[in-house]
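Here's the structure we're looking at; comments come further down.
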Amino acid sequence: MRCATTEPLIVGAGIGGLTAAAALAAHGVPCEVVEREPALATAGYGIQLPPNATRVLRGLGVDLDAVSLRPSAREIRRWSDGALLGRIPLGPAVLSRYGAPYLTLRRADLLQALAARVERIHFGQTLRPAPLVVGADGLHSTVRGLVEPGGLVDVGYTAYRAVLPASESSVVTVWLGPGAHVVAYPIPGGLNLVVVARPGERFEGWHGPVRALARAATRGFALRTRAPLPAWHRDGVVVIGDAAHPMPPFLAQGAAQAIEDAAALPSHLDDLAGFEAARRPRAERVVAASLAGGHEYHLPDGAEQRRRDERIAACGLPGQDWLYA
């Protein structure tokens, strides 16, 4: 089929796709972005951006200061009484150690900031021929099917979300319990709430304030992933982000890994195997750690849970350095 353009085509105007377009533009490579939705989202839920993501975005000139917050810490608490298990600084300590901040913001504001760095986005359009097609179209990717067919895999948990009225809290709080965990963090003008639980979890016996938060999150969707691809590319088609390596949200790294993919892409436009070799080991390590988090976060009370809590008390959630550096 004859190509309709001589430029790379990015399918999907989400975080990964828009970051890829901004990264290509920074390298002097024009591209087009097509998005099946009629417009960018203007409302919606929050997102955590760890320093490995904000470092890339800063390098691309994406300014998020006016639309984001810098939480002071992440607190890990016990499900039944809210007792503090561990506290991890996220403010100046993160900026000093990793050279970039930890931010929380609304996903829609992030998309708008990225779109401001992209010249050509075509809404209401989808895949078309191009010399290089970059599939950044998420978990339900159409482009992925051009690389390798395959279906979705159920993770066994449901995620519920809500944005509540603004809170004075400056921390990201995570309550860990048997079969579920609850995350709450401030975003401009609100408190973003995520509840992840096995189907049918009723939160009986949970600390009263946490139980109230869990009841406030009513919009749910089943968490799903996909089996690893044998290759991320085929015949001028490459996938990035959730289209390549979807992961459950237990490390808040899904968007960050898509951003890292996007930043690596411009150096490998003529060598997709080199792109995959550069990115796949790290992405797969993050996927494995995210899947392991589904076990660690949801332990029933007992010896294994106590050992986990002792590790958190000693050094916070392990693995932060390799994730953020």
Side-chain angles (χ1 to χ4, degrees), residues 13-23 25-26 39-76 87-118 121 136 138 159 161-174 182-194 213 217 241-242 249-263 286 316-317 320 323-325:
I15 294 169
L18 292 177
T19 305
L40 288 179
T42 57
Y45 303 108
I47 187 171
Q48 301 179 66
L49 283 184
N52 54 307
T54 58
R55 187 165 50 244
V56 171
L57 297 178
R58 281 185 157 194
L60 294 175
V62 179
D63 183 7
L64 299 175
D65 288 345
V67 295
S68 65
L69 300 177
R70 298 189 182 188
S72 59
R74 180 191 292 117
E75 294 182 348
I76 314 299
R87 192 173 195 271
I88 306 166
L90 292 180
V94 162
L95 182 60
S96 174
R97 187 176 185 89
Y98 304 109
Y102 196 110
L103 301 179
T104 57
L105 66 163
R106 292 178 185 265
R107 186 177 292 263
D109 288 337
L110 173 58
L111 292 175
Q112 293 292 337
L114 288 168
R117 313 293 300 182
V118 179
I121 309 174
R161 293 177 175 173
V163 175
L164 305 182
S167 166
E168 296 181 1
S169 173
S170 65
V171 303
V172 177
T173 306
V174 184
V182 177
V183 183
Y185 56 87
I187 57 175
L191 181 74
N192 195 77
L193 177 64
V194 181
L213 287 175
D242 281 351
F250 302 137
L251 290 185
Q253 277 285 324
Q257 292 307 300
I259 288 168
E260 288 188 16
D261 287 350
V286 178
L317 290 180
Q320 180 171 294
L323 276 173
Y324 294 170

Working to the nearest 0.5 Å, report the span between CD of E260 and OG1 of T19. 11.5 Å
R70 and D65, any side-chain heavy atoms less than 4.5 Å apart: yes
Walk me through it: do R97 and Y324 pass the test side-chain hydrogen bond (donor to acceptor under 3.5 Å, both in side chains)? CA-CA 9 Å; R97 187 176 185 89; Y324 294 170; over 6 Å; no
Qualifying residue, where the test is side-chain contact (heavy atoms from CB on, under 4.5 Å) with L49 and the options are I15, V56, L57: L57
One should read off an interatomic distance between L191 CG and E168 CD, to the nearest 0.5 angstrom, of 12.0 Å
Okay, side chain of R106, backbone of I187: is any donor-acceptor separation there less than 3.5 Å? no
Keeping the roles fixed (side chain from Y185, backbone from G46), state whether a donor-acceptor pair exists under 3.5 Å. yes
Give, for atom CG of D109 and atom CG of L114, the distance between the pair rounded to the nearest 0.5 Å. 11.0 Å
Note: A217 and A162 closest approach over all heavy atoms is CA-CB, 3.9 Å
Any donor-acceptor N/O pair, R107 side chain to G44 backbone, under 3.5 Å: no
Kindly indicate whether the side chain of R117, heavy atoms from C-beta on, has any atom under 4.5 Å from the side chain of L60. no
Do L18 and I121 come within less than 4.5 Å of each other through their side chains, counting heavy atoms only? yes
For residues A258 and G241, report the shortest heavy-atom separation together with the two atoms involved. CB-CA, 3.7 Å
If every non-hydrogen atom of P89 is compared with every non-hydrogen atom of V94, which pair is closest and at what distance? O-CG2, 3.5 Å
Looking at every heavy atom in both Y102 and P51, which two are closest together, and how far apart are they? CD1-CD, 3.8 Å
Any chance you could lay out the side-chain contact (heavy atoms from CB on, under 4.5 Å) test for V172 and E75, step after step, and finish with the verdict? CA-CA 6 Å; V172 177; E75 294 182 348; over 6 Å; no
Is the side chain of T104 donor-acceptor paired with the backbone N or O of P186 at a distance under 3.5 Å, no angle test? yes
How close do A255 and I47 get, heavy atom to heavy atom, and via which atoms? CB-CD1, 3.6 Å
Check whether the side chains of N192 and Q48 place a donor and an acceptor atom closer than 3.5 Å, and report yes or no. no
Work out which heavy atom in A13 is nearest to a heavy atom in L111; give both atom names and the distance. O-CD2, 4.0 Å
Short question: side chain of T54, backbone of P101 - any donor-acceptor pair under 3.5 Å? yes
Could you walk me through whether Q257 and N52 satisfy the side-chain contact (heavy atoms from CB on, under 4.5 Å) test, starting with their C-alpha distance in whole Å, then the side-chain angles of each, then the deciding distance to 0.1 Å, before giving a yes or no? CA-CA 9 Å; Q257 292 307 300; N52 54 307; 3.7 Å; yes
